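Written below as structure tokens is the structure these notes are about.
Labels below follow one simple rule: chain letters A, B, ... track the order of the sequence lines, proteins then strands, and each chain is numbered from 1. Since we're looking at a predicted model, the values are computed, not measured.
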Amino acid sequence: MKARVTVTLKNGVLDPQGKAIEGALRSLGVAGVESVRQGKVFDVELSVKDKPAAEAALKNACEKLLANTVIENYRVEVIG
Amino acid sequence: MKARVTVTLKNGVLDPQGKAIEGALRSLGVAGVESVRQGKVFDVELSVKDKPAAEAALKNACEKLLANTVIENYRVEVIG
Amino acid sequence: MKSAVVVFPGSNREGDVARAIELTSGRKSEMVWHADTSLPKGTDLVVLPGGFSYGDYLRCGAIAARAPIMDAVREHANKGGLVLGICNGFQILCESGLLPGVLARNAKLKFMCREVYLRIERSDTPWSRRYNAGAVIKVPVAHGEGNYLADAETIARLEGEGRVLFRYVSPEGKLDPAWNYNGATNAIAGIMSEKLNVLGLMPHPENHVDPAVGPTDGRGFFESIKAALEAA
Amino acid sequence: MIRNEPKITPELVAQHGLKPDEYERFRNLIGREPSFTELGIVSAMWNEHCSYKSSKVHLRTLPVSAPWVIQGPGENAGVIDIGEGLACVFKMESHNHPSFIEPYQGATTGVGGILRDVFTMGARPVACLNALRFGDPSHPKTRSLVAGVVAGIGGYGNSFGVPTVGGSIGFHSRYDGNILVNAMAVGIAKTDSIFYAKASGVGLPIVYLGSKTGRDGIHGATMASAEFDENSEEKRPTVQVGDPFSEKLLLEACLEIMRKGCVIAIQDMGAAGLTCSAVEMGAKGDLGVTLDLNKVPTREEGMSAYEMMLSESQERMLMVLKPEKEKEAEAIFRKWGLDFAVVGHTTDTLRFIVQHGGDEMANLPIKELGDEAPEYKRPFTEPKKLPVLDPASVPAPSSIGDALKKLIGSPDLCSKRWVWEQYDHLILNNTVQRPGGDAAVIRIENGPRALAMCTDVTPRYCEADPFEGGKQAVAESWRNLTAVGARPLAVTDNLNFGNPERPEIMGQFVGCVRGIGEACRALDFPVVSGNVSLYNETQGRAILPTPTIGGVGIIEDLGKSASLAFKAEGETILLIGETKGWLGQSSYLATVIGKEEGAPPPVDLALEKKNGDLVRALITGKLVTAAHDLSDGGLLVALAEMAMASGIGAKLDAPPAGLPAHAYWFGEDQARYVLTATPANLAAIEARAKATGIILTRIGATKGKELTLPGEHPILVQALHALHESWLPAYMAGPAG
Ligand SMILES: Nc1ncnc2c1ncn2[C@@H]1O[C@H](COP(=O)(O)OP(=O)(O)O)[C@@H](O)[C@H]1O
Ligand SMILES: [Mg+2]
């Protein structure tokens, strides 16, 4: 099965990289950008056969490693 | 408007990060993970009012900065 | 003084710190492999050295923080043993929960190797007894992600409990954004655990200990640790 | 039976960069039509990058030996004896084309490749350097190329854990479409455990180690040998991604199995990966090689033999192991988390056989693949000599001070701190002289001995007079090493030129190589390794001829070395060498007047040797307090650099009568150094100079916080410093492009 995990910064956590990208976009003349926050995606291939098992494995992966839950949220999406 | 830009590695491009994460998940005993490829997301707030304008601005941002089109693909999704 | 330096795949300053310890204490350190599950018997000091453990892929220090040896390190810390994390080691300590907060990308987003000035906030710790409180030392940094961040509550607690040991300052010892190169909250360069026995810092005192190579402001740091262990 | 699909057509041959006569040569050699895989193999082996077909005849003229040379050109890196049972292993290599297409990854893989060359020979890398050339700062691409390349060099070296301690960086519109990224690595090994590519023993397993093979950089080597055209930015997927983490593991694993005595032969997979490495191992050992590609660890599905043979995936090695040690070696590699697979064996047939999926995909004579590669004596034209400029004919500046400010704040002469602060230059705790001086100095083990190293070339000189320019690049490198008190030992070179099929370009190449050869012979400074990068041109516009020289020298006692900073006030400033005020092709002419004209300064090699030997003797005799060689910008720029490094100023005497002031202060006459000395040592120094017939002049004294020149407003050192430091950060803060 294929799945996508998205990890984003919690609200209120500073994101210097996002800020810098914002500034860079502005100086490149890309109009209309108010704010940018950067996160990560993980495209995962799983050997498990059903959706609940995949979701459970990925939740486990997020809690154990993929996200730093002090500052990050995660979302798991099994694509099929 | 809010939008999400997802930047992922092109097929076949080596992903050292994904490879290391794969190995770590395996040694943490997270079962069933076959492969991991890492990408980025950018959550963007835009001051433009309509969807086509937002899409155009973000495509421009990707080509100029957010994605390294030599090795990465990008996808723009305007959420509303 | 018996020190153990933990080597993760991708660590690269383990030799520098072991050399600094030997130069200042006369004692060799033992190198401990990340896949081991126990520390050498009688270890007083555990060092998590600088480098790019696991390539710093995912998040700096994240994968190393979950390595098999880390349970033993945690146990050592819980018993009050000294644990020192330098640079990547600091990142690993934060990722493992032994210290609060995170080390984000430098404000200017670039890797930076240069000398910085650090103010030593207190001298009554195992890490700083050979310095006077308020003293300013010059040591190098070499990192891309050393911008210390934590929520307001955590920062207030760290400050309130006197757990900030090092701050980036001007050569005169003044707080000044121009000298806080990585943009760290409150110019924090190093923090300690509640019992002061776990220290994480971004700069590399181990690279300023040898008069044959350069300045020696970092010697006092290692001499402090030695003195603390001898006194214990 | 060889599988023969697709059919070889003239178009396919051309796409592989083979000329029709080269293809004929190959067909005759094997006596039949080649298979597709074989065509791929020969295109990789016979392209310019791997075969040196245009340069070989000229490279043979370079001096490559000296009593201290253990291994000259021809192996992964050069090896010199540095005494006490240790050897220095070093080489420089270009990654120009990939870095233009993808600056970050191009630069990382360049650094990764050169590090691999060094540790393949059994050395632990101790330092990296780099020589970079970019287009005009105003060119829309320049800023992002600089940002990407510098971040990439740092990104790899910092993570790998080797200090990047020196180099050079310059800008010129002639690099607008072809930047140069030359990376140099220096390592230390024991003289009795150096490893080579040459296999020995029949029937021994050939082992593949490191990362898995993907479709990276297929035809990378061919790309490195092809002129750019407008579409070249679309050849994108051929760039490789570097993985410094894996390389660090590969380093530790390789050194460990070498220590344990497991290795018979070792070769890294660089350009044209498995093909070049396997052929070289066999050919050097007079052995055949059979590979079974089914055993090759791959990270992508369905890779063909052709793709596997041409893949340039990084962080891979090929080895012949002692059979009885194979298990031990495998365990070490597994411990480091690396792939380990027996992919073939040596034979006594002298054939290079590639099997895949039960089919034979290639069966070629192994020695001929290298030995019978085409070799060209390409026609060349002698460059026209340019007139010698009369210093008096070169306009004077509004003021000497303003000209100095313009020079030290210019792209070429400004401080490169913005660059080297992104490199970890302190790791390993042996960096005695950091970036910013004449040569970097790296302590050997626990001292007191040290290695000095630098990279140099003045492309403007090479363009104006390739022969003198080639000499000058070597002389400047020798001088930089001398200025820190080192005894220069040997060089590596990286010869970057345009299209050798054009006689004028070939003329530049031939001239520079002759100049380098002559200088290396005269200075006893042999070439032990190097790299040639040709076809650096876009739409018929070539780069400036840029033969980068990487020099290495030895300091026997760090207590007897020198740095360029003024040490104290009240010391006498001495100038060694003769000042005629040579302004042709000078930085003054280019930067202040805006012209690149005239003949470049000639290099008198006998004088270089004499003057340098005296400087070194004065340094090791502890008679001088600071030393700096003179190069771009001449005397006043050198003095300003010494002042800025220390914050101490100087009061300088008037120029000698008969010489225009700007020619005195900014002339680029060669074989010169500035020294400082305490008054107590002056007599001894002057006596030594006199005894050897060397021109030595007292030109002023260190004093205060300003540079004071007769008839000029005093120039605050702090103000100079601010200007010197500001250009690059300000430029890089400009809009991304
Ligand atoms: N790309 C670079 N990487 C590292 N160091 C550099 C780089 N460019 C310049 N430097 C350092 O800046 C200093 C001045 O460079 P350069 O003008 O080329 O010196 P020199 O004239 O003595 O050859 C040297 O110490 C050099 O090592
Ligand atoms: Mg110099």
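Side-chain contact check for D/Val150 versus C/Phe111: every heavy-atom pair is 4.5 Å or farther apart. Counting heavy atoms from C-beta outward, D/Glu421 and C/Cys113 have side chains that stay 4.5 Å or more apart. Side-chain contact between C/Trp33 and D/Lys335 is present, with at least one heavy-atom pair separated by less than 4.5 Å. Proximity of C/Asn12 to D/Phe160: side-chain heavy atoms (C-beta onward) are nowhere separated by under 4.5 Å. A 4.5 Å side-chain heavy-atom check between C/Tyr54 and D/Phe245 finds at least one atom pair inside the cut-off.
One finds the CZ atom of C/Arg114 at 9.5 Å from the NE2 atom of D/His425 (value rounded to the nearest 0.5 Å).
In this structure, the portion of D/Leu249 lying under 4.5 Å from any heavy atom of chain C is its side chain and not its backbone. For chain D, no part of C/Val141 is nearby; none of its heavy atoms comes within less than 4.5 Å. Only the backbone of D/Thr431 comes within less than 4.5 Å of a heavy atom of chain C; no side-chain atom from C-beta onward does. Only the side chain of C/Asp210 comes within less than 4.5 Å of a heavy atom of chain D; its backbone N, CA, C and O stay farther away.
Comparing C/Lys110, C/His208, C/Glu206, C/His143 by how many heavy-atom pairs each has under 4.5 Å with chain D, the most go to C/Lys110. Contact count against chain C (heavy-atom pairs under 4.5 Å) is highest for D/Asn158 among D/Asn158, D/Leu426, D/Asn446.
One finds a salt bridge joining D/Asp424 and C/Arg13 here, because a Lys/Arg side-chain nitrogen approaches an Asp/Glu carboxylate oxygen to under 4.0 Å.
Considering every non-hydrogen atom in both C/Arg19 and D/Leu428, the closest pair reads NH1-O, 3.0 Å. Contact detail for D/Lys248 and C/Gly10: the closest heavy-atom pair is CG-CA, 4.3 Å.
Shown here is D/Glu445, whose CD atom has no more than 12 heavy atoms of other residues, nucleotides or ligands within 6.0 Å.
In this structure, a donor-acceptor pair under 3.5 Å is present between the side chains of C/Asn207 and D/Asn429.
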